[in-house]
Protein chains: 2
Amino acid sequence: MQDTPMPLPRSRIQTRNREAILEAALEVFSSQGFRGATLEQIAEAAGLSKPNLLYYFPSKEVVHSTLLAGLLDTWLDPLREMDAAGDPVEEILGYVRRKLDLSRDFPRESRLFANEILQGAPRMRAVIEGELKALVEEKAAVLRRWMEDGRIARVEPVHLIFSIWALTQHYADFDMQVRAVLGEGHDPFAEAGAFLTTLYARLLRP
Amino acid sequence: MQDTPMPLPRSRIQTRNREAILEAALEVFSSQGFRGATLEQIAEAAGLSKPNLLYYFPSKEVVHSTLLAGLLDTWLDPLREMDAAGDPVEEILGYVRRKLDLSRDFPRESRLFANEILQGAPRMRAVIEGELKALVEEKAAVLRRWMEDGRIARVEPVHLIFSIWALTQHYADFDMQVRAVLGEGHDPFAEAGAFLTTLYARLLRP
DNA sequence: GTAGGTCTTGACCATACGGTCAGGAAAAGA
DNA sequence: TCTTTTCCTGACCGTATGGTCAAGACCTAC
């Protein structure tokens, strides 16, 4: 259920194959969900046989958990970077920008995460109730301070953060729908960037 | 793959059992995804045996498709109701309100839909590229008109609609995360209602 | 009541899937 | 080179799952 905590030494082959497996698993899990994915599919996408995959990871569960574990930090970093000492509107717009960039550059990771939460986060509950919640509370306090100082408009800070998650992740998770509705000749992420900048500038103007 | 178009006569038992199956299937599919759900689970939740379930529906696929088919209209109705003749801000806020009510009252339907889009909408592509796209274009034209008449601020209309989808559906699809971060003693949907009203009022003020 | 249709089920089937294992191929070390 | 360790695979196993079927229970109309 858990990878060895000790960073056991890894040969070049180990490193290469473990990476190939995780890359392939990301592709398959994010587009098929945990139960929808098969070890066969993952192994093939990684250019290995199924037993060989199971030589590097003891079970399907562990592959999935490893992927999720590596994800959260990347996902939270943009929020961590929001600096209480900076200019409020710039800091928030910067956060929106960085989060949208993640959606554009790592849509599979976003969908993997979405899949997990949709199913009730059976494998991430602890992390969400711990690390994630703590970070949100910390940053909500920063936002509240800015509001009290009259530097941005007053809105419920936690829901402000939710709105940023919802709006940015939508473009990764619902990519198919977004592109279908927009039709050809659009750059969803560029347009989203412009739209979201306007939206938050207007919302936050004191 | 498709239900009989003819509304064939149904006995009371047929009606009751088909309904029980669809209700149970909604519960299971929305929380486990298509492949994660088993006929056994659905049958049990419906109070039937597996072969009996298969007496009413020829396959798992058909149960799922039937569910999806019945969904889209409910999902699109709030947008359809947005009236070009009404007051712009009121109409848009009314749409947001109705969509948020759907998220609150039919979260399972929202998650079923989200699951489907996440996997690339293999069973809904046609409908999204047809009906959904057409409706969005129609309403985007209404919004654009309102902008040209100076009755609401100028923003990209289609992305405005996307933002409403993203923000309202987030509270259904990511319910688990929202509640975990908010902690006890919160009413996510009530708070979301207040937040979204403020957000769109400020965004749209001419 | 009873004949004819509707509904229900236990037993069964084929396949897919996660996972194991014994042994061979390939590297790495001596 | 020879030995040891790491890597890889074909064949296999047990279980879960979607789906079938023959036969019986239950309704309902006459």
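Quick note on labels: first sequence line is chain A, next is B, and so on, each numbered from 1.
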*Describe the nucleic acid contact of A:L54 in one word from base, sugar-phosphate, nothing, applying a heavy-atom distance below 4.0 Å.*
base
*Hey, does the side-chain of A:K60 have a donor or acceptor N/O within less than 3.5 Å of a partner on the base of C:dG19?*
no
*For B:R35 and C:dC17, is the shortest distance between a side-chain N/O and OP1 or OP2 below 4.0 Å?*
yes
*Starting from P on D:dT20, measure out to CG on B:L53 and report it in whole angstrom.*
13 Å
*Report the distance from atom CZ of B:F34 to atom C1' of C:dA16, rounded to the nearest whole Å.*
14 Å
*Picking from A:R111, A:R123, A:R125, what satisfies salt bridge (charged side-chain N to carboxylate O under 4.0 Å, His left out) with A:E116?*
A:R123
*asked:* Parallel, tilted or perpendicular: which one describes the rings of B:F113 and B:W75, with boundaries at 30° and 60°?
replied: tilted
With 3.5 Å as the limit, what N/O pairs link the protein to nucleotides 6-8 of chain C?
unit_1, atom_1, unit_2, atom_2, d
C:dC7, OP1, B:S11, OG, 2.5
C:dC7, OP2, B:Q14, NE2, 2.8
C:dC7, OP2, B:Y55, OH, 3.2
C:dT8, OP2, B:N17, ND2, 2.9
C:dT8, OP2, B:N52, OD1, 3.4
C:dT8, OP2, B:N52, ND2, 3.3
C:dT8, OP2, B:Y56, OH, 2.5
C:dT8, O5', B:N52, ND2, 3.2

*In whole angstroms, how far is the P atom of D:dA16 from the CD atom of B:E44?*
15 Å
_Rounded to whole Å, please give me the gap between NZ in A:K50 and C1' in D:dT9._
12 Å
*Measure the acute angle between the ring planes of A:H159 and A:F162, then classify it against the limits of 30° and 60° as parallel, tilted or perpendicular.*
perpendicular
*If we only count heavy atoms from C-beta on, is the B:R16 to B:I13 side-chain gap below 4.5 Å?*
yes
*With a 4.5 Å limit on heavy-atom distance, are the side chains of B:R108 and B:L67 in contact?*
no
*For B:A43, answer base if it contacts any base atom (sugar-phosphate contacts may also be present), sugar-phosphate if it contacts only those atoms, and nothing otherwise; contact means non-hydrogen atoms under 4.0 Å.*
nothing
*Would you check if A:V155 and B:L199 make a side-chain contact, meaning some heavy-atom pair closer than 4.5 Å?*
no
*Nearest-Å distance, CD (B:E61) to P (D:dT17)?*
17 Å
_Any carboxylate oxygen within less than 4.0 angstrom of a Lys/Arg side-chain nitrogen, looking at B:E81 and B:K99?_
no
*B:H64 has an atom NE2; how far is it from atom C1' of D:dG19, in whole Å?*
18 Å
*asked:* Between C1' on D:dG18 and CZ on B:F29, what's the gap in Å once rounded to a whole number?
replied: 12 Å
*asked:* In whole Å, I'd like the distance from the CD1 atom of B:I21 to the P atom of D:dG19.
replied: 13 Å
